[in-house]
There are 2 protein chains.
Amino acid sequence: MPTVSSEELATAAGVNSAKLRKDFSYLGSYGTRGVGYDVEYLVYQISRELGLTQDWPVVIVGIGNLGAALANYGGFASRGFRVAALIDADPAMAGKPVAGLPVRHTDELEAIISDNGVSIGVIATPAGAAQQVCDRLVAAGVTSILNFAPTVLSVPEGVDVRKVDLSIELQILAFHEQRKAGEDSPSPAAPAAAARSGAGVRSSASRKGPDGDVPAVMPA
Amino acid sequence: MPTVSSEELATAAGVNSAKLRKDFSYLGSYGTRGVGYDVEYLVYQISRELGLTQDWPVVIVGIGNLGAALANYGGFASRGFRVAALIDADPAMAGKPVAGLPVRHTDELEAIISDNGVSIGVIATPAGAAQQVCDRLVAAGVTSILNFAPTVLSVPEGVDVRKVDLSIELQILAFHEQRKAGEDSPSPAAPAAAARSGAGVRSSASRKGPDGDVPAVMPA
DNA sequence: ATGCCTTTGTGAACGCGTGCACAAAGATGG
DNA sequence: CCATCTTTGTGCACGCGTTCACAAAGGCAT
């Protein structure tokens, strides 16, 4: 029976072994003292807890470059996700195959959602269409939305939204890059907080703020 | 002079106003008591600290769907990033314009990096090519890498790597979705830790682990 | 069966970030 | 010029997650 010790896993993952054991204990995963964890059983337990053993039908709305990239992304299937449909507003796209699936028109959105029991939707549309698509997804029964459009979505209570901003990661890199270069720190105490923040990815909506939205770089 | 109070900003962002003030104090940003923060000055200070006022030339390697999507992403320019070049290994792609830029062949990688003083590279290649591309980028002088390929990259000390796994966000949504549905909790105490973890995005390499890499869902 | 060795599971301490609460500072009006 | 009001900046305390350290437990060899 192949096993792993918490120490091995911790070293490989670069974390503390005690933390790892404590986390596992929350899962109810039981290892064997003096031996370690049964790899197969452990993988199964974690997979189940994370929902990897379930089948999650998802729809991708907006089949531009990004939508197509997502549709082709291999990582989904192995994690329990199944692309139920690709949806685009452009009639010219309808029927055209992308990643082996025919693109469906937005008109069919509601029917697709309900027919497949989809509860997770991915929005890869331009910013302008995102909120509208979001509203339709929610109305059709979707309760979790992954948003790639550069907009903050407003959703009713009970709906989860996660926003992926492709430029944020790049910005974090640039932030560190900046500190590497200028050792003559431009500001006193390094705001480690700034890099961490993220200010809560959860949608806190409240569209009112003093100025419209995220301010562009000021012209100095 | 347009100003904002920490309270206004905090409400808009959905965070505590004291925390916001404390964070600002690390930046050395001084507000005016009884009035608030000068919007213009504040924006400038934050932009500068975050590196938004600098010009960051970046190269994108691997111009498939994802690479093209990144090249077309509008959010980069406004955050100080400038796409210096798009690079692909396919000779057929060479010269073909994507997002207004001609695709360059991989052979030119080193020259492009040094000519433009590029210190940040984006990898959007298939998993198989990622490490190789990474090595060449690092050798050419790149010190920060944003990796979209589903592989853990090994890099020498001093090089920052951030990995973006497009399916992780989806997985987090599925995790919460699972708890929404099954109120009859399948496991005792909810491991809030599991959803948070991320286990440190920093590259901790150490390619040795008991089994190859991330285990696929076990066949139950 | 007994003793030793390994590794788990967890109680307790530590450290850190968040939030509270208030004194100091500046504006504003009389 | 003084009183009052608003809002900043921050010391302090609370709470939570991480880490330490160790007793308990199981395997294994003799």
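Values below: every heavy atom of this structure, side chains too, minus hydrogens, waters and symmetry copies. Here is the naming used below: chain letters follow the sequence lines, and residue numbers restart at 1 for every chain.
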Asks: Does any pair with a residue in residues 127-150 of chain A pass salt bridge (charged side-chain N to carboxylate O under 4.0 Å, His left out), and if so which ones, sequence neighbours excluded?
Replies: A:E110-A:R136
Asks: Taking any heavy-atom pair under 4.0 Å as a contact, classify B:Y30: base, sugar-phosphate, or nothing.
Replies: sugar-phosphate
Asks: Output every pair passing salt bridge (charged side-chain N to carboxylate O under 4.0 Å, His left out) with a member in residues 123-133 of chain A, not counting sequence neighbours, ordered by first then second residue.
Replies: none
Asks: Tell me, please, which residues at least two apart from A:R21 pass salt bridge (charged side-chain N to carboxylate O under 4.0 Å, His left out).
Replies: none
Asks: Can a side chain N or O of A:S5 be found less than 4.0 Å away from OP1 or OP2 on C:dT7?
Replies: no
Asks: B:D165: which residues meet the salt bridge (charged side-chain N to carboxylate O under 4.0 Å, His left out) condition with it, sequence neighbours left out?
Replies: A:R79
Asks: Measure the distance from CG on A:D38 to C1' on C:dT7 and round it to the nearest whole Å.
Replies: 15 Å
Asks: Check this for me: does the side-chain of A:K19 come within 3.5 Å of the base of D:dG17 through a donor and an acceptor?
Replies: no
Asks: Return each pair, listed once, that meets salt bridge (charged side-chain N to carboxylate O under 4.0 Å, His left out) where at least one residue sits in residues 117-132 of chain B; pairs must be two or more places apart or across chains.
Replies: none
Asks: Starting at CG of A:N16 and ending at C1' of D:dG17, how long is that distance when rounded to a whole Å?
Replies: 12 Å
Asks: Assign B:S17 to base, sugar-phosphate, or nothing according to its heavy-atom contacts below 4.0 angstrom with the strands shown.
Replies: nothing
Asks: Yes or no on ring pair (Phe, Tyr, Trp, His ring centres under 6.0 Å) for B:Y44 and B:Y41, after CA distance, side-chain angles and deciding distance?
Replies: CA-CA 5 Å; B:Y44 170 69; B:Y41 182 67; 7.1 Å; no
Asks: Over how many whole Å does the gap from B:F24 atom CZ to D:dT8 atom P extend?
Replies: 10 Å
Asks: Along nucleotides 22-30 of chain D, 5' to 3', which nucleotides get a B, which get an S, and which get a -, given that the test is a protein heavy-atom distance under 4.0 Å?
Replies: --BBBS---
